[in-house]
Protein chains: 2
Amino acid sequence: MGSQDRLPCKDAPPESPPGPGAQAILRVAEALVAEKGFDAVSVNDIAREASVSKANVFHHFKSKEGLYLEVLRHACRHSARALDAALAESSADPHVRLQQFFFHHLRALLEHAQSSRLLQRALLEGASQRGRELAEEVFAHHFSRLVELVRAGQSSGCLRRDFDPALLAFLLVGASAFFFETRAVLRHLPEVTFAERPERYGSAVFDLLARGFARAPGEVGR
Amino acid sequence: MGSQDRLPCKDAPPESPPGPGAQAILRVAEALVAEKGFDAVSVNDIAREASVSKANVFHHFKSKEGLYLEVLRHACRHSARALDAALAESSADPHVRLQQFFFHHLRALLEHAQSSRLLQRALLEGASQRGRELAEEVFAHHFSRLVELVRAGQSSGCLRRDFDPALLAFLLVGASAFFFETRAVLRHLPEVTFAERPERYGSAVFDLLARGFARAPGEVGR
DNA sequence: GAGTGCGCTGACCGAACGGTCGGTTGGGGT
DNA sequence: ACCCCAACCGACCGTTCGGTCAGCGCACTC
């Protein structure tokens with residue numbers, strides 16, 4: 001009943017560093033859950049795909065929920081690292097930094113589609129609140145940093161000051177994320193020519209947005 | 001086996017117009033599936049919540065999948081009607097028409113959160129391809145009309161011509177949809193002040209976008 | 001070579017799943 | 001009066017679910 005883990009900060013200890021067998025299970029679970037969702041994947045499916053017995057899955061993870069959380073933690077770590085990299089661009093021009101973040105973020109989303117889809121699902125599902133909290137932690141932290149980046153651009157003078165910095169941050173993230181989410185559908189829309197050309201989509205979107213948030217009408221720096 | 005329905009166009013005949021009992025089941029199923037997802041809701045749950053026997057559910061719908069498709073069809077009809085209304089704005093100014101569409105769409109999304117979430121899920125899940133096709137039909141049609149609206153604005157001269165009309169259409173839809181999707185998370189982000197103020201979010205986003213796609217620098221019409 | 005810890009397994013459990021079946025209503029047509 | 005048929009139900013079916021358990025093989029130590 002009351003045996004919840006109380007360790008607040010430690011990374012590995014709650015479960016020992018995953019051995020090679022556990023990692024194989026983790027990888028398979030990640031792929032299957034990302035594709036079909038937690039409820040649509042059974043432990044049997046995972047075990048079969050990983051070529052181990054179902055009992056072995058429960059040997060390495062204390063429950064299906066536990067395995068799911070481990071999978072999610074892995075995806076979060078992955079995603080957090082990618083966001084760190086995207087935010088670490090070191091240009092002096094905030095406009096360029098925003099652009100680089102946007103491209104980096106979009107590319108990372110598409111390249112690690114599995115983790116992206118996993119987090120997308122975690123945010124959607126009301127069930128397993130622990131999963132939501134996990135995903136929200138990652139997003140809250142990095143979103144703050146992005147907002148700060150926008151705000152810095154505003155006070156440095158190269159971005160307009162009459163809009164909410166959080167709004168632009170949200171739009172940048174959303175333009176990438178929504179593109180990723182709906183890409184499969186976009187392919188079927190005859191009017192859409194950018195479904196298969198993420199770079200083209202990225203630069204077109206950023207240009208359009210930049211016209212809205214950049215300071216001077218002709219002096220954008222590009 | 002080979003007993004697929006072949007009727008191409010008819011609306012009602014495959015299943016008779018739903019009686020009051022069937023409608024109650026449908027309503028409950030819609031709510032539960034929208035909240036938890038298809039796989040996380042059992043027929044027993046639906047029957048219990050609707051205060052009927054499980055057998056009765058199978059009396060009105062030939063299978064769980066069939067019930068799901070009926071639920072989805074209902075949500076699609078709902079959504080299609082809302083989009084029709086949003087696209088039917090009759091102003092002469094394309095800029096105003098776009099704005100009205102955007103606000104209408106955002107409001108509809110939030111007001112009929114249940115249907116919205118249902119379609120969002122249908123697009124996400126690779127399983128039950130029939131569901132995807134259903135949702136895609138609705139989107140493809142109305143997206144075309146929206147693109148045409150943008151294109152009309154471009155050739156009428158009040159919108160810039162150096163961007164892809166499908167791109168703006170996509171951004172308008174995405175800005176609403178992504179806001180809807182992530183609203184629960186936005187509430188927890190301290191920097192975000194617009195999570196509870198959709199109208200404020202809507203006008204801020206449209207203003208920012210409008211600066212990017214509108215033709216003249218000072219002549220926006222608002 | 002007895003002891004020990006660990007990765008792993010097949011057999012098994014109770015519960016819940018989607019779905020079926022035989023039967024009971026009750027209002028409408030003849 | 002009769003029958004019919006849709007709506008509805010309790011009981012039940014076979015299957016699969018998440019999860020448990022006793023034990024096997026094998027490397028390692030003393």
Side-chain angles (χ1 to χ4, degrees), chain A residues 1 3-5 12-33 35-72 121 125 127-131, chain B residues 1 3-4 12-30 32-33 35-72 121 125 127-131:
Chain A
M1 287 299 185
S3 66
Q4 285 186 342
D5 275 325
E15 270 106 20
S16 53
Q23 271 188 3
I25 296 173
L26 216 74
R27 281 212 325 272
V28 168
E30 202 166 335
L32 287 182
V33 173
E35 188 193 339
K36 315 188 183 193
F38 176 74
D39 294 299
V41 171
S42 73
V43 180
N44 250 320
D45 294 337
I46 295 171
R48 194 183 313 119
E49 191 79 14
S51 303
V52 299
S53 70
K54 183 173 66 161
N56 190 15
V57 174
F58 287 100
H59 172 70
H60 287 291
F61 305 91
K62 72 170 194 287
S63 67
K64 190 192 182 189
E65 179 90 6
L67 168 57
Y68 172 65
L69 286 181
E70 216 54 47
V71 162
L72 216 54
R121 288 204 128 98
E125 319 203 20
S128 175
Q129 294 150 309
R130 186 79 191 92
Chain B
M1 300 296 178
S3 67
Q4 286 185 342
E15 270 107 19
S16 53
Q23 271 188 2
I25 296 174
L26 216 74
R27 280 211 328 271
V28 168
E30 200 165 338
L32 288 182
V33 172
E35 187 193 340
K36 313 188 182 195
F38 175 74
D39 294 298
V41 171
S42 73
V43 180
N44 251 319
D45 294 337
I46 296 170
R48 195 182 314 120
E49 191 79 15
S51 303
V52 299
S53 71
K54 186 173 63 161
N56 192 13
V57 174
F58 288 100
H59 170 71
H60 288 291
F61 306 91
K62 74 169 193 287
S63 66
K64 190 193 180 188
E65 178 89 8
L67 169 57
Y68 172 65
L69 286 181
E70 216 55 47
V71 162
L72 217 54
R121 288 204 127 98
E125 320 204 18
S128 175
Q129 293 150 310
R130 186 79 192 92

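A quick note: this is a predicted structure, and the numbers were derived from the prediction, not measured. Numbers restart at 1 for each chain; the letters A, B, ... are given by sequence-line order, proteins then strands.
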Could you encode protein contacts along nucleotides 10-26 of chain C as a string, one character per nucleotide from 5' to 3', using B for base contact, S for sugar-phosphate-only contact and - for no contact, with a heavy-atom cut-off of under 4.0 Å?
-> B------SBBBB-----

Here the pair of heavy atoms bringing B:I46 nearest to B:A29 is CD1-CB, 4.0 Å

Residue pair B:R121 / B:E35: nearest heavy atoms and the distance that separates them | NH1-O, 3.4 Å

How long is the span from the CD atom in A:E30 to the CD atom in A:Q23, to the nearest 0.5 Å?
-> 11.0 Å

In chain order, what residues pass the side-chain contact (heavy atoms from CB on, under 4.5 Å) check against [X], with sequence neighbours excluded?
X	result
B:E49	B:V28, B:L32
B:S53	B:A55, B:N56
B:N44	B:S42, B:R48, B:K54

How about B:K36: does its NZ atom have over 12 heavy atoms from other parts shown lying under 6.0 Å from it?
-> no

Partners passing ring-ring contact (aromatic ring centres under 6.0 Å, His included) against B:F38 (at least two apart in sequence or in another chain) = B:Y68

Taking any atom under 4.0 angstrom from a heavy atom of chain A, which nucleotides of DNA chain D are the first and last to qualify, 5' to 3'?
-> D:dC17 to D:dC21

Return no unless some side-chain N or O of A:H60 is found under 4.0 Å from OP1 or OP2 of C:dC8.
-> yes

